[in-house]
Amino acid sequence: MAPQEQKLKWSVRLTLGILTCCVSAPTASMAEDAEWTHLVAEGQQLQAQGRYTEAASSFQSALDRAGASPEPAEMAQSMYQLALVKQVLGDYPSAGALYEKAIELRPAPRLLGAILLNHARLDGIEGNFEEAAVLANKSLEIHRSEFGPKHPSVADTLDAVGWIQLRLGHYGPAESAYTESLAIREKAKTRDQSGVAATLNDLGFLQYSEGHYAEAEASYRRALALRRAALGSSHPDLADSMLRLGELYRVQHQFSKAEQLMQGAIPMLQSALGPEHPRVANASNNLGVLYCDEGRLKEAKPLFDRALKIYEKAFGQDHYQLAGVLSNLALIETDQHAYQKAENDYSRALAIEEKTVGPEHPEVAAMLNNLAQIYRFEERYADAEKAYLRAISVWEQSVGMEHPDLAGCLLNYAALLRKVHRKKEAAELEARAKQVEAAHGKNYSSATLVDWHELQRH
């Protein structure tokens with residue numbers, strides 16, 4: 001009897017690279033203007049509390065006051081602080097313009113390093129990863145020179161470097177950056193553990209991406225506990241940790257735990273950032289994936305539609321965040337037998353991924369696997385085989401020979417080979433897939449994928 005056919009892969013989006021203010025106090029020369037200093041300190045306090053709209057107002061007032069001052073450093077830092085909050089609120093054009101203006105003022109090295117760091121994060125959010133890598137490396141060089149190799153500001157910058165390398169599919173350099181950052185933060189033993197939590201949150205995502213789910217859970221749970229203690233129960237960064245852990249539970253079929261975390265995170269994000277913020281779209285997409293896993297497709301589609309609308313409004317038509325939602329909508333379209341529309345959405349998503357992260361990224365492999373399934377359903381076997389082979393090659397090169405998602409693709413390809421009576425080759429792939437699954441002690445490949453043949457019963 002042929003083995004059970006494997007399932008198509010849902011696409012999730014997890015926010016990375018939480019913003020950190022690397023310059024938190026005015027310099028001595030700035031402190032002469034007491035009112036300006038008060039406005040900056042007030043804005044930073046509001047920002048730390050997650051009250052971003054109020055913080056933006058304080059920083060705008062500081063910028064207005066700095067405009068009447070002959071001190072360019074006040075103007076540069078005011079622009080930087082306002083840009084940070086604009087970035088968190090999703091006003092990316094304004095944030096980018098403020099960073100550029102601040103850089104033109106030739107600020108002192110420490111402030112310049114902070115500006116470059118968060119400009120790199122902004123470029124990453126917008127999908128400009130190569131540009132982001134250049135800025136982050138410049139920032140890292142400045143921070144190491146100014147503070148020494150073990151300073152928390154170096155750790156902040158290493159987190160950004162790790163995030164960018166992860167998005168580029170360079171898992172080794174990403175892991176090195178996060179490991180160095182975490183060592184710096186833990187050795188510092190400061191009372192404020194929010195930096196440790198930020199690094200653990202992103203390290204957990206790297207572990208999740210590599211299929212190391214037990215390690216990822218430990219990182220996420222520790223980050224969540226630290227953030228709850230430091231930030232309280234309503235901060236958007238706490239919501240981010242909840243979403244990460246919820247997604248990990250989803251792929252392990254712990255649906256009740258996942259739903260509780262995801263449903264709790266969305267109101268927190270909406271309250272702090274507004275209903276049309278990209279992080280709300282991210283959370284809506286991931287909750288939609290969970291509902292699909294539970295067979296609640298009618299509840300999932302409005303969440304995907306909402307996420308797509310927010311992303312298109314914020315980023316335009318070809319941003320990398322759109323790819324995952326398009327893929328998820330294509331799965332539902334497949335369930336509705338709208339195969340041509342599903343193929344169109346997969347093709348659009350694949351083109352976005354290849355343009356953004358390059359042709360050898362694991363997310364490209366996932367999209368190819370999904371597109372191959374549609375080809376197979378339409379009996380376009382040659383096209384399907386070509387897509388499977390490319391997906392397998394990308395996964396092998398990017399994440400290694402024992403990743404859970406690779407097992408699912410191997411079984412999908414084996415099902416195609418059985419369909420065209422190449423049973424010996426199919427059996428070899430099935431045996432290899434079982435070895436991959438055995439390495440993880442559980443059938444994670446089927447836990448993270450959804451079969452277009454069996455969507456009705458999910």
Side-chain angles (χ1 to χ4, degrees), residues 12-22 87 113-144 147 149-188 193-213 215-220 222-224 226-227 237 240-241 243-245 247-248 279 282 320-321 356-358 360-363 398-400 403:
V12 297
R13 287 292 185 264
L14 300 178
T15 307
L16 296 175
I18 301 303
L19 295 175
T20 303
C21 293
C22 298
Q87 189 167 334
I115 295 169
L116 291 171
L117 168 59
N118 287 291
H119 198 340
R121 288 178 169 133
L122 178 59
D123 278 347
I125 290 170
E126 294 180 320
N128 303 320
F129 298 114
E130 297 292 348
E131 294 90 336
V134 172
L135 292 175
N137 286 329
K138 287 182 179 178
S139 177
L140 183 59
E141 181 180 348
I142 291 172
H143 283 132
R144 281 176 168 159
F147 297 106
K150 304 299 181 183
H151 192 275
S153 292
V154 174
D156 291 338
T157 316
L158 285 165
D159 285 349
V161 170
W163 169 46
I164 294 161
Q165 292 301 316
L166 175 55
R167 289 298 304 137
L168 288 168
H170 303 158
Y171 289 178
E175 184 175 3
S176 296
Y178 287 136
T179 301
E180 183 180 350
S181 172
L182 190 60
I184 292 171
R185 295 191 189 282
E186 292 186 321
K187 189 173 181 179
Q193 294 288 287
S194 57
V196 174
T199 304
L200 285 167
N201 217 41
D202 285 354
L203 177 61
F205 184 76
L206 171 63
Q207 293 161 339
Y208 163 92
S209 300
E210 294 177 313
H212 302 154
Y213 296 138
E215 296 174 22
E217 181 174 4
S219 295
Y220 283 158
R222 186 179 168 203
L224 182 63
L226 289 172
R227 281 183 163 165
D237 289 356
D240 180 54
S241 289
L243 285 170
R244 306 268 191 113
L245 185 58
E247 170 57 21
L248 182 63
R279 287 170 69 178
N282 171 77
Y320 78 93
Q321 291 283 20
T356 303
V357 297
E360 305 301 322
H361 194 281
E363 290 180 8
S398 61
V399 296
H403 193 278

Side-chain heavy-atom pair [X], [Y] within 4.5 angstrom cut-off:
X	Y	answer
Glu215	Glu210	no
Ile184	Leu158	yes
Val357	Tyr320	no
Asp123	Phe129	no
Arg222	Val196	yes
Ile125	Gln87	yes
Arg167	Glu363	yes
Tyr171	Leu166	yes

> Taking it one step at a time, do His361 and Leu168 satisfy side-chain contact (heavy atoms from CB on, under 4.5 Å)?
Replying inline: CA-CA 7 Å; His361 194 281; Leu168 288 168; 5.7 Å; no

Whether the side chain of [X] engages the backbone of [Y] through a donor-acceptor N/O pair (distance < 3.5 Å, no angle test) should be reported.
X	Y	result
Arg227	Asp237	yes
Ser219	Asn201	no
His212	Leu206	no
Ser181	Ala177	no

Taking atom [atom1] of [X] and atom [atom2] of [Y], what is their separation to the nearest 0.5 Å?
X	Y	atom1	atom2	value
Leu203	Glu175	CG	CD	7.5 Å
Lys138	Leu117	NZ	CG	14.0 Å
Asp159	Ile164	CG	CD1	11.0 Å
Thr199	Asp202	OG1	CG	7.5 Å
Leu200	Gln193	CG	CD	9.5 Å

> Among His151, His143, Arg185, which residue meets the side chain to side chain donor-acceptor pair (under 3.5 Å) test with Asp156?
Replying inline: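 That would be Arg185.
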
> Hey, what's the ring geometry for Tyr208 with Tyr213, parallel, tilted or perpendicular (30° and 60° as the breaks)?
Replying inline: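 Rings of Tyr208 and Tyr213: tilted, 30 to 60°.
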
Where is the tightest heavy-atom contact between [X] and [Y], given as atom of each residue plus distance?
X	Y	answer
Leu135	Ala120	CB-CB, 3.7 Å
Val154	Pro149	CG1-O, 3.8 Å
Ala174	Gly162	CB-O, 3.4 Å
Tyr220	Leu248	CD1-CD2, 4.0 Å
Ala197	Ala223	O-CB, 3.5 Å
His403	Gly211	NE2-N, 3.6 Å

> Stepwise, does the side-chain contact (heavy atoms from CB on, under 4.5 Å) test hold for Gln321 with Thr356?
Replying inline: CA-CA 10 Å; Gln321 291 283 20; Thr356 303; over 6 Å; no

> Taking only residues two or more places apart in sequence, or in another chain, which ones meet Glu141 in a salt bridge (charged side-chain N to carboxylate O under 4.0 Å, His left out)?
Replying inline: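 None.
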
>> Once side chain to side chain contact (heavy atoms under 4.5 Å, CB included) is applied, do any residues pair with Pro152, and if so which ones, sequence neighbours excluded?
In response: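 None.
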
